[in-house]
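First comes the structure, then the notes that go with it.
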Amino acid sequence: MPATSDPLQTLAERFAAAIARAFPQAADADPLITPCKTPEHGDYQSNAAMGLAKRVGKKPREVAEAILLNIDVGDLAEPLSPANIAGPGFINIRLRPDALAGALREFDTPALGVTPASPAQFMIVDLMGVNLSKQMHVGHLRSPVIGDAIARVLERLGHTIKRQNHVGDWGLPIAMVISRLQRQAASGQINLDHITLDQLDTAYREAQAECQRDMAGLEAARKFGLGPKVLAELEEQVAGATEAFLAARATLIKLQAMDPEAHAIWKKIHDVTMKVCLDVCRTLNVNVTDADSAGESSYAPELAAMVDDLVARGIAQTSDGALVVHLDDPAFGHIKEPCLIRKTDGGYLYATTDVCAIRRRVQKFGAQRLIYAIDARQNLHLRQVFGASIKAGYSLHPRTGQPARMEHAAFGSVLGEDGKPFKTRSGESTKLADLIQETFSRAGQAVKTRNPDLSDAELHDIGAAVGIAALKYADLSTDRVKDYIFSFDRMLAFEGNTGPYLLYALVRIRSIFRKAAERGVGDAWKTTAHATHAPAEKQLALALLRYPGALKSTGESLEPHRLCTYLYELAGAFSVFFDQCPVLAATDEASRDQRLRLCDLAAKVLADGLNVLGIPATDRM
RNA sequence: GCGGGCGUAGCUCAAUUGGAUAGAGCACCUGACUACGGAUCAGGAGGUUGCAGGUUCGACUCCUGCCGCCCGUACCA
């Protein structure tokens with residue numbers, strides 16, 4: 001009775017034992033079992049002999065032969081002899097049909113071969129990264145899509161995940177908006193009771209402009225040591241801006257003191273922004289709710305004490321009037337640029353908040369792994385924050401003393417088809433909600449041309465499902481660290497490595513079962529023994545059994561495209577099977593039922609995999 | 001300047017972390033079916049993996065040096 005349905009695991013154990021017997025001095029060697037790339041070679045292979053050869057001072061083929069003399073795999077593989085040794089020392093393995101059937105039987109449970117991680121870990125995924133008062137645009141697409149997919153993969157592997165939406169909801173930028181809104185409301189230009197995110201977005205940009213437009217010039221003048229006369233002229237010139245700036249600073253102080261009026265406006269901005277944000281999550285089937293919000297404001301009350309702690313313990317030092325944590329040490333990431341945690345004027349920065357967040361996540365929540373689904377351009381910032389947390393000891397688990405694993409799941413930018421940052425023709429950035437609706441609408445149209453019989457209501461739902469699949473899969477299916485080119489046409493293609501293609505593969509399988517029911521095929525197949533006869537059946541079965549491995553590798557690397565590639569290959573294996581192995585028109589009932597079982601498993605794995613990616617399935621399209 | 005990332009077929013992307021002949025899709029050719037959803041399958045053509053060295057039985061992968069593009073380089077977030 002194998003502990004796992006994955007023959008690869010069992011083979012790895014057997015090969016490890018054989019290696020230990022043959023070469024006790026190298027008993028720790030990795031047996032290096034992988035699926036064969038081409039079926040001609042076999043089903044699985046061990047690549048251990050080559051690496052072992054040097055270590056034990058023998059020729060690779062001799063090592064391979066020694067392993068085979070000590071191997072015990074008669075129950076699951078066809079007999080291994082020197083004929084199975086190929087090339088420089090690959091050992092090719094073919095599964096016995098009954099072992100493959102047995103593996104399918106083990107695999108065919110709701111877990112689909114996934115053994116829950118032991119021990120399960122508690123992990124936090126940082127995702128979304130929205131800012132109050134700013135409209136969501138394409139730049140906000142990848143973090144929730146990638147972060148949620150990573151969270152789902154890890155959950156599927158048995159870990160406990162807490163999502164954290166680190167909302168940019170605090171500091172001078174927000175105070176500037178509040179200050180401006182107060183003035184606009186007072187003069188009757190806007191109605192705070194019915195304000196929209198578009199209006200807030202405008203106010204945000206205008207507030208930035210009026211406060212910073214000329215401040216930059218003033219800074220430059222000081223920097224270059226211009227005379228007092230020039231400075232005076234400049235200062236007069238920017239008097240208006242300065243006034244707005246001073247008002248914003250006053251507002252910030254009020255906000256920090258929880259002044260009722262300022263806070264009421266803050267709350268309004270918060271609610272309007274978060275509604276749009278959470279609506280987008282819901283529309284995209286991203287599993288993030290209000291409960292996952294932990295904005296910068298929630299850390300504000302903790303910052304002063306934390307910084308005092310850092311000073312008291314000598315972690316932070318003053319530098320040019322500011323307070324920094326030096327990280328120019330291999331233990332802290334060997335980063336030349338220190339992490340700035342307090343400005344000369346006493347204000348805190350986003351690094352301060354991020355360090356504070358790590359402290360809370362590890363010390364209070366007990367997280368063992370912290371994952372940041374954030375733009376690749378933030379890499380230095382995150383490395384600094386990680387380094388500072390390590391130096392401060394905040395990343396050590398409160399009970400076990402173990403360091404939390406901190407990782408930046410970095411992603412590249414979304415580009416337009418011209419290879420430049422994604423913008424509309426007029427140069428504006430598209431609202432994310434509009435972009436999503438356009439995707440759904442195009443998806444619905446694409447489905448309609450292929451299946452004109454669908455009703456409008458069906459098309460609406462299917463358009464959303466296909467649209468989510470297209471949008472998310474395009475984002476998830478390539479190496480996340482690279483920039484990717486946004487193209488409706490490519491993501492909505494129904495052939496190739498796309499979301500719609502995977503949905504289609506699943507729809508075809510489900511269609512078989514619908515047809516089976518129409519033809520009065522009963523449920524007897526459900527108790528038929530698993531088996532594979534035709535090559536296409538075997539390849540499909542082998543592909544199915546790779547599912548747990550694909551999930552594991554994705555969870556380890558935090559690279560959802562690995563799971564995507566796997567699902568695409570599974571869909572491909574099913575298509576070959578579908579082409580070569582008639583199911584309902586099989587020559588006899590036994591092979592029909594046995595093929596139904598394969599179809600059933602393929603549907604389960606596809607649906608499960610899509611769900612893990614955050615893509616809902618559909619029955620028709 | 002320093003640091004990080006990227007460079008693979010005409011295009012968009014993979015390559016199980018050092019393994020067998022570098023794989024898919026699109027586009028381009030050629031075949032298969034009066035079809036369990038052809039939105040498919042089989043095959044062909046397409047490559048000096050940016051360049052040059054090095055390590056290795058074996059390199060897209062690791063090391064060194066160049067070239068090109070992107071990003072980041074403390075008192076914004």
Side-chain angles (χ1 to χ4, degrees), chain A residues 32 34-38 41 45 47 50-51 53-54 59-60 86-90 92 129 131 168 170-174 208 212 296 319-324 334-345 347-351 353-354 375-381 383-384 410 412-413 419 446-447 450-451 474 477-479 481-485 487 489-490 493-498 500-501 503-505 507-516 519 536 546 549-550 553 556-557 561-562 564-566 568-569 572 575-576 578-586 592 595-596 599 620-621:
Chain A
L32 294 172
T34 67
C36 288
K37 273 181 188 165
T38 57
H41 289 142
Q45 65 187 65
N47 301 335
M50 286 86 76
K54 179 166 290 175
K59 291 181 181 171
F90 300 108
N92 291 326
N131 295 302
W170 206 242
L172 193 56
I174 301 300
Q208 288 281 318
Q212 286 182 351
E296 294 180 325
S319 170
D320 293 342
L323 196 62
V324 304
H334 206 98
I335 304 166
K336 202 167 61 185
E337 297 86 344
C339 182
L340 190 59
I341 55 169
R342 194 176 64 199
K343 297 189 287 180
T344 307
D345 69 5
Y348 301 117
L349 299 100
Y350 75 143
T353 308
D354 278 324
D375 193 305
R377 287 173 295 188
Q378 299 290 330
N379 182 260
L380 174 60
H381 165 68
R383 278 164 46 223
Q384 288 177 310
S413 305
V447 170
R450 293 171 170 84
N451 194 350
S477 61
T478 65
D479 189 0
V481 80
K482 296 182 183 175
D483 293 348
Y484 90 94
I485 295 178
S487 161
D489 289 339
R490 201 146 29 75
F494 286 68
E495 53 280 311
N497 191 8
T498 68
Y501 172 80
L503 283 189
Y504 175 66
V507 163
R508 283 206 299 179
I509 305 175
R510 290 185 169 172
S511 179
I512 293 174
F513 287 98
R514 245 191 337 264
K515 203 74 80 181
R519 296 183 190 176
R546 282 168 45 212
S553 146
E556 186 54 35
S557 64
H561 82 276
R562 291 168 185 259
C564 293
T565 303
Y566 165 77
Y568 179 56
E569 286 166 0
S575 285
V576 176
F578 185 83
D579 192 62
Q580 296 178 1
C581 303
V583 179
L584 298 180
R592 181 197 69 191
R595 284 173 181 173
L596 278 170
C599 290
R620 298 171 193 273
M621 61 190 277

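Everything quoted here is computed from the prediction, not taken from an experiment. In the text below, chain A, chain B and the rest are named by the order of the sequence lines, each starting its count at 1.
Interface remark: the A/Ser319 side chain does form a donor-acceptor pair with the B/rA74 base, using a distance-only criterion of under 3.5 Å.
Applying the 4.0 Å criterion to OP1 and OP2 of B/rU16, one finds that A/Thr34 has every side-chain N and O outside that range. Contact between the side-chain N/O atoms of A/His561 and the OP1/OP2 oxygens of B/rA15 is found at a separation under 4.0 Å. OP1 or OP2 of B/rG38 sits under 4.0 Å from a side-chain N or O of A/Arg508. Not one side-chain nitrogen or oxygen of A/Thr344 sits closer than 4.0 Å to the OP1 or OP2 atom of B/rC75.
Judged as a side-chain contact (heavy atoms from CB on, under 4.5 Å), and not counting sequence neighbours, the contacts of A/Lys515 are A/Glu518, A/Arg519, A/Leu584. Taking the salt bridge (Lys or Arg N to Asp or Glu O under 4.0 Å) definition, one finds that A/Arg620 meets it with nothing, sequence neighbours left out. By the side-chain contact (heavy atoms from CB on, under 4.5 Å) test, A/Phe578 pairs with A/Arg508, A/Ile512, A/Phe574, sequence neighbours left out. With sequence neighbours excluded, the residues satisfying side-chain contact (heavy atoms from CB on, under 4.5 Å) with A/Cys581 are A/Ala534, A/Ala536, A/Glu537, A/Phe577, A/Arg595.
For A/Val481, taking side-chain heavy atoms from C-beta onward, the closest of the listed nucleotides B/rA74, B/rG5, B/rG37 is B/rG5. Closest to the side chain of A/Arg514, out of B/rG4, B/rA74, B/rG37, is B/rG37. Nearest nucleotide to the A/Ile485 side chain, out of B/rA77, B/rA42, B/rC13: B/rC13. Side-chain atoms of A/Lys482 lie closest to B/rG7 of the nucleotides B/rC76, B/rG7, B/rU17. With B/rC13, B/rA42, B/rG38 as the candidates, the nucleotide lying closest to the side chain of A/Phe578 is B/rG38.
Mapping A/Ile512 and A/Lys54 onto RNA chain B via the closest heavy atom, the residue that lands nearer the 5' end is A/Ile512. Projected onto RNA chain B by closest heavy-atom contact, A/Pro60 and A/Arg519 fall at different nucleotides, the more 5' of which corresponds to A/Arg519.
Here the side chain of A/Asp483 pairs no donor or acceptor atom with the backbone of A/Gly412 at under 3.5 angstrom. Counting only distance, with no hydrogens or angles, the side chain of A/Thr565 and the backbone of A/His561 share a donor-acceptor pair below 3.5 Å.
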- How does RNA chain B read in dot-bracket, base by base from 5' to 3', with Watson-Crick or G-U pairs under 3.5 Å and | used when the partner is on another strand? (((((((..((((.....[...)))).(((((.......))))).....(((((..]....))))))))))))....
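Rounding to the nearest 0.5 Å places CG of A/Asp479 at 8.5 Å from CZ of A/Arg562. With values rounded to the nearest 0.5 angstrom, A/Glu337 atom CD is found 13.5 Å from A/His381 atom NE2.
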- Query: How would nucleotides 18-29 of chain B be written as a contact map, 5' to 3', with B for base contact, S for sugar-phosphate-only contact and - for no contact, using protein heavy atoms under 4.0 Å?
  - Reply: -BB---SSS---
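In this structure, A/Tyr501 and A/Tyr568 have perpendicular ring planes: the angle between them is above 60°, well past the 30° mark.
Nucleotides B/rG31 and B/rA22 have their C1' atoms positioned 27 Å apart, rounded to a whole Å. Taking the P atom of each, B/rU16 and B/rC60 are spaced 12 Å apart, rounded to whole Å. Using P as the reference atom, B/rC69 and B/rC29 are 36 Å apart when rounded to the nearest Å. For the P atoms, the distance linking B/rC66 with B/rA27 amounts to 43 Å, nearest Å. Rounded to whole Å, the separation between the P atoms of B/rA52 and B/rA59 comes to 15 Å. Here the separation of B/rG53 from B/rU12, taken at their C1' atoms, is 32 Å to the nearest Å.
For the pair A/Arg342 CZ and B/rC75 C1', the computed distance is 12 Å after rounding to whole Å. A/Arg562 has its CZ atom 7 Å from the P atom of B/rU16, to the nearest Å.
Considering only heavy atoms from C-beta on, A/Thr498 stays 4.5 Å or farther from A/Arg490 through its side chain.
Annotated as anti: B/rU61, whose glycosidic dihedral deviates from 0 by more than 90°.
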